[in-house]
Amino acid sequence: MRVLVTGGAGFIGANFVLRTLEQRPDAAITVLDKLTYAANPATLASVSDRIDLVKGDIADADLVDDLVAATDLVVHFAAESHNDNSLADPSAFVQTNLVGTYSLLEAVRRHGVRYHHISTDEVYGDLDLDDPTRFTETTAYNPSSPYSSTKAGSDLLVRAWVRSFGLAATISNCSNNYGPYQHIEKFIPRQITNVLSGVRPKLYGDGLNVRDWIHVDDHNDAVWTIIDKGEIGETYLIGADGEVNNRTVVETVLELLGQPADAFDFVTDRPGHDRRYAIDSTRLRTELGWRPQYVDFSAGISATIDWYRDNADWWQPNKQAVEQGYAATEKVIG
Ligand code: NAD
Ligand code: TDX
């Protein structure tokens, strides 16, 4: 099978490529990636002779048309993905997440290719800490940030292309991922690499915001499950019952690295900071039979810490610049 993976040099897309080559050695993979600041081609170095890596923009309609014409399946990971960046400057988010997705959808429509769209639980907005409900496939869209609103808009484009043009598409909305090769701007790798660099972890606001963590391999296994067995036109939520508040995550990282549990700083909160995400993945489990493999969060974090400790070459060159970027707006409040 020929597979076009957009954003395959980023965190989740690259893990998808590596895992697919392991599990499906016959897959012929082309990666289309703009190689923005978020990409690290070193992630794909070990498989460079087994894939085609095309540096290009998903909004480049001619390039996309050529690549889509030559594939059986598109798995669309490419996006601007960081909420904090979307608050500083939304323009790339509108361009890539909306215009880029539109360009892919038009090519997929012209060539009648199977399409899987990767999205996020953030399209549903947030929940109160004491709300007994969780997001399901029928929860109304209510995004908060420029990032999540452009992801919501891209999901709606897919739904419209399915209904209006009969596109052979599926959509998945997943909760927060962690694991190897995640950019150190994101919460968990930022705090792991802070502690490894002798810097105190930084918690936004009161640290009680809750995220529903899933290991990236569980996410990607779910994506293949949906591609293989999902119903065309349908949406599936992906989550591993991993709700943890941010303070507990930081305390776990500190503890696993032998530091006092209170060796962190509270910093200014993110504007519009979503309080809690929580996914009900019953549909994926009961209809398609998927189950997460990583159910012990502390063990998953411990393995992720080991990965960052053993792969300092992968992240260290970026560390100072990332922290300088945060320091420009972040103030310690406690
Ligand atoms: P990432 O930022 O690590 O990687 C994104 C990749 O897309 C990078 O390699 C980047 O170079 C590429 N890219 C950006 N703009 C592009 C463009 N115009 N053309 C081609 N390539 C471009 O992101 P990630 O965390 O791996 O997220 C991947 C997907 O999963 C995104 O669609 C995101 O919304 C979704 N998602 C992420 C999470 C999470 O926790 N990280 C959770 C749910 C869903
Ligand atoms: O230094 C930090 N301190 C902190 O307290 C950072 C970077 C984050 N946080 C908080 C904000 C969030 O409550 O940690 C939580 C997680 O933050 P991020 O890693 O920025 O993730 P989030 O905003 O939840 O979005 C992520 O999950 C859903 C991904 O970046 C998105 O691409 C995905 O759609």
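Counting starts at 1 for both ligands and their atoms, in listed order.
- Nearest protein heavy-atom contact of atom 38 (C) of ligand 1 is Ile12 CD1, 3.6 Å.
- In this structure, Arg275 does not pair ionically with Asp131, as no charged nitrogen and carboxylate oxygen lie closer than 4.0 Å.
- For His219 and Phe16, the distance between ring centers is not under 6.0 angstrom.
- For atom 12 (C) of ligand 1, the choice among Asp60, Thr6, Asp33 with the nearest heavy atom turns out to be Asp33.
- Scanning the protein heavy atoms around atom 15 (N) of ligand 1, the nearest turns out to be Thr96 CG2, 3.5 Å.
- Not close to ligand 1: Ala14, with no non-hydrogen atom less than 4.0 angstrom away.
- The residue from Asp206, Asp126, Asp84 that alone fulfils the salt bridge (charged side-chain N to carboxylate O under 4.0 Å, His left out) condition with Arg270 is Asp84.
- Residues Asp241 and Arg134 are paired through a salt bridge, judged by an N-O separation under 4.0 Å between the basic side chain and the carboxylate.
- In the displayed structure, Gln23 atom CD is contacted under 6.0 Å by more than 12 heavy atoms of other residues, nucleotides or ligands.
- Among Thr43, Asp57, Asn15, the residue whose heavy atom sits closest to atom 18 (N) of ligand 1 is Asp57.
- Protein heavy atom in closest approach to atom 40 (O) of ligand 1: Asn177 N, 2.9 Å.
- Backbone and side-chain nitrogen or oxygen atoms of Ile58 are examined, and one is located within less than 3.5 angstrom of a nitrogen or oxygen of ligand 1.
- Of the N or O atoms in Tyr147, one or more lie within a sub-3.5 Å distance of an N or O in ligand 1.
- Asp228 has a carboxylate O that lies under 4.0 Å from a charged side-chain N of Arg24, or vice versa, which qualifies the two as a salt bridge.
- For the residues Gly10, Gly8, Ala59, the heavy atom positioned nearest atom 4 (O) of ligand 1 is part of Gly10.
- Close N/O approach between Phe11 and ligand 1 is found [any backbone or side-chain N/O within under 3.5 Å].
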ask   = When you look at Val210 and Tyr277, which way does the side-chain contact (heavy atoms from CB on, under 4.5 Å) test go after all the steps?
value = CA-CA 6 Å; Val210 169; Tyr277 305 136; over 6 Å; no
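- For atom 28 (C) of ligand 1, the candidate residues are Tyr277, Phe77, Phe187, Tyr178; the nearest heavy-atom contact is made by Phe77.
- At least one heavy atom of Ser175 sits closer than 4.0 Å to an atom of ligand 1.
- Listed by number with element, the atoms of ligand 1 under 4.0 Å from a non-hydrogen atom of Gly56 are 19 (N), 20 (C).
- For the pair Arg109 and Tyr115, the cation-pi test (distance below 6.0 Å, angle within 45°) is failed.
- Every atom of ligand 1 with a heavy atom of Asn176 under 4.0 Å away is listed here by number and element: 40 (O).
- Ion pairing between Arg19 and Asp217 holds under the 4.0 Å rule for side-chain N and carboxylate O.
- Residues Phe11 and Phe77 place their aromatic rings such that the two centres sit no closer than 6.0 Å.
- What sits closest to atom 5 (C) of ligand 1 on the protein, heavy atoms only, is Ala79 O, 3.5 Å.
- Among all non-hydrogen protein atoms, the one lying nearest atom 21 (N) of ligand 1 is Lys34 N, 3.0 Å.
- Under the 4.0 Å criterion applied to side-chain N and carboxylate O atoms, Lys55 and Asp33 are not assigned as salt-bridge partners.
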message = Using side-chain contact (heavy atoms from CB on, under 4.5 Å), reason through Lys186 and His82 one step at a time and then give a plain yes or no.
response = CA-CA 8 Å; Lys186 301 297 197 307; His82 193 38; 3.5 Å; yes
Would you mind writing out a table of all protein N or O atoms found under 3.5 Å from any N or O atom of ligand 2, naming both atoms and giving the distance to 0.1 Å?
| residue | atom | partner | partner atom | Å |
| --- | --- | --- | --- | --- |
| ligand 2 | 1 (O) | Arg190 | NH1 | 2.7 |
| ligand 2 | 1 (O) | Gln191 | NE2 | 3.0 |
| ligand 2 | 1 (O) | Lys202 | O | 3.4 |
| ligand 2 | 3 (N) | Lys202 | O | 2.8 |
| ligand 2 | 5 (O) | Tyr204 | N | 2.9 |
| ligand 2 | 13 (O) | Arg211 | NH2 | 3.2 |
| ligand 2 | 13 (O) | Asn246 | ND2 | 2.9 |
| ligand 2 | 13 (O) | His273 | NE2 | 2.6 |
| ligand 2 | 14 (O) | Asn246 | ND2 | 3.4 |
| ligand 2 | 19 (O) | Phe187 | N | 2.9 |
| ligand 2 | 20 (O) | Arg270 | NH2 | 2.8 |
| ligand 2 | 23 (O) | Asn83 | ND2 | 2.9 |
| ligand 2 | 23 (O) | Arg270 | NH1 | 2.6 |
| ligand 2 | 24 (O) | Asn176 | ND2 | 2.9 |
| ligand 2 | 24 (O) | Arg211 | NE | 2.7 |
| ligand 2 | 25 (O) | Glu122 | OE2 | 2.7 |
| ligand 2 | 27 (O) | Glu122 | OE2 | 3.4 |
| ligand 2 | 27 (O) | Asn176 | OD1 | 3.3 |
| ligand 2 | 27 (O) | Asn176 | ND2 | 3.0 |
| ligand 2 | 30 (O) | Ser81 | O | 3.3 |
| ligand 2 | 32 (O) | Ser81 | O | 2.8 |
| ligand 2 | 32 (O) | Tyr147 | OH | 3.0 |
| ligand 2 | 34 (O) | Thr120 | OG1 | 2.7 |
| ligand 2 | 34 (O) | Tyr147 | OH | 2.5 |

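- Distances below 4.0 Å separate heavy atoms of Leu35 from the following atoms of ligand 1: 11 (O).
- The backbone N or O of Arg276 lies less than 3.5 Å from no partner atom in the side chain of Asp274, so there is not a single donor-acceptor pair.
- Between Ala78 and ligand 1, not a single N/O pair is under 3.5 Å apart.
- Within the listing of ligand 1, atoms 1 (P), 2 (O), 23 (O) sit less than 4.0 angstrom from a heavy atom of Ser81.
- Among the atoms of Thr36, some N or O lies under 3.5 angstrom from an N or O of ligand 1.
- Under a 4.0 Å criterion applied to the non-hydrogen atoms of Ser119, ligand 1 contributes the atoms 43 (C), 44 (C).
- Under a cut-off of 6.0 angstrom, the local environment of OH in Tyr102 is sparse, with at most 12 non-hydrogen atoms contributed by other residues, nucleotides or ligands.
- Summarising the geometry of Glu80 relative to Thr96, their closest heavy-atom pair is N-CG2, 3.9 Å, with the distance given to 0.1 Å.
- For atom 43 (C) of ligand 1, the closest non-hydrogen atom on the protein side is Cys174 O, 3.3 Å.
- By the 4.0 Å N-to-carboxylate-O rule, Arg190 lies close enough to Glu330 to be salt-bridged with it.
- Between Tyr124 and Phe135, the distance from one ring center to the other falls under 6.0 angstrom.
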request  = Just do the side-chain contact (heavy atoms from CB on, under 4.5 Å) check on Ile12 and Asn220 with the steps written out, would you?
outcome  = CA-CA 8 Å; Ile12 306 175; Asn220 283 327; 3.5 Å; yes
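- Distances shorter than 4.0 angstrom do not occur between any heavy atom of Gly100 and any atom of ligand 1.
- Per-residue contacts place Ile118 under 4.0 angstrom from the following atoms of ligand 1 (heavy atoms of the residue considered): 29 (C), 30 (O), 32 (O), 35 (C).
- Those atoms of ligand 1 that come under 4.0 Å of a heavy atom in Thr120, given as number and element, are 43 (C), 44 (C).
- The closest approach between Lys151 and ligand 1 falls below 4.0 Å for a heavy atom of the residue.
- Between His76 and ligand 1, not a single N/O pair is under 3.5 Å apart.
- When side chains are defined from C-beta on, His116 does not count as touching His76, because their heavy atoms never get closer than 4.5 Å.
- Close contacts between ligand 1 and Ala38 involve ligand atoms 2 (O) [criterion: under 4.0 Å to a heavy atom].
- Glu243 places no side-chain N or O within 3.5 Å of a backbone atom of Arg211 that could act as its donor or acceptor partner.
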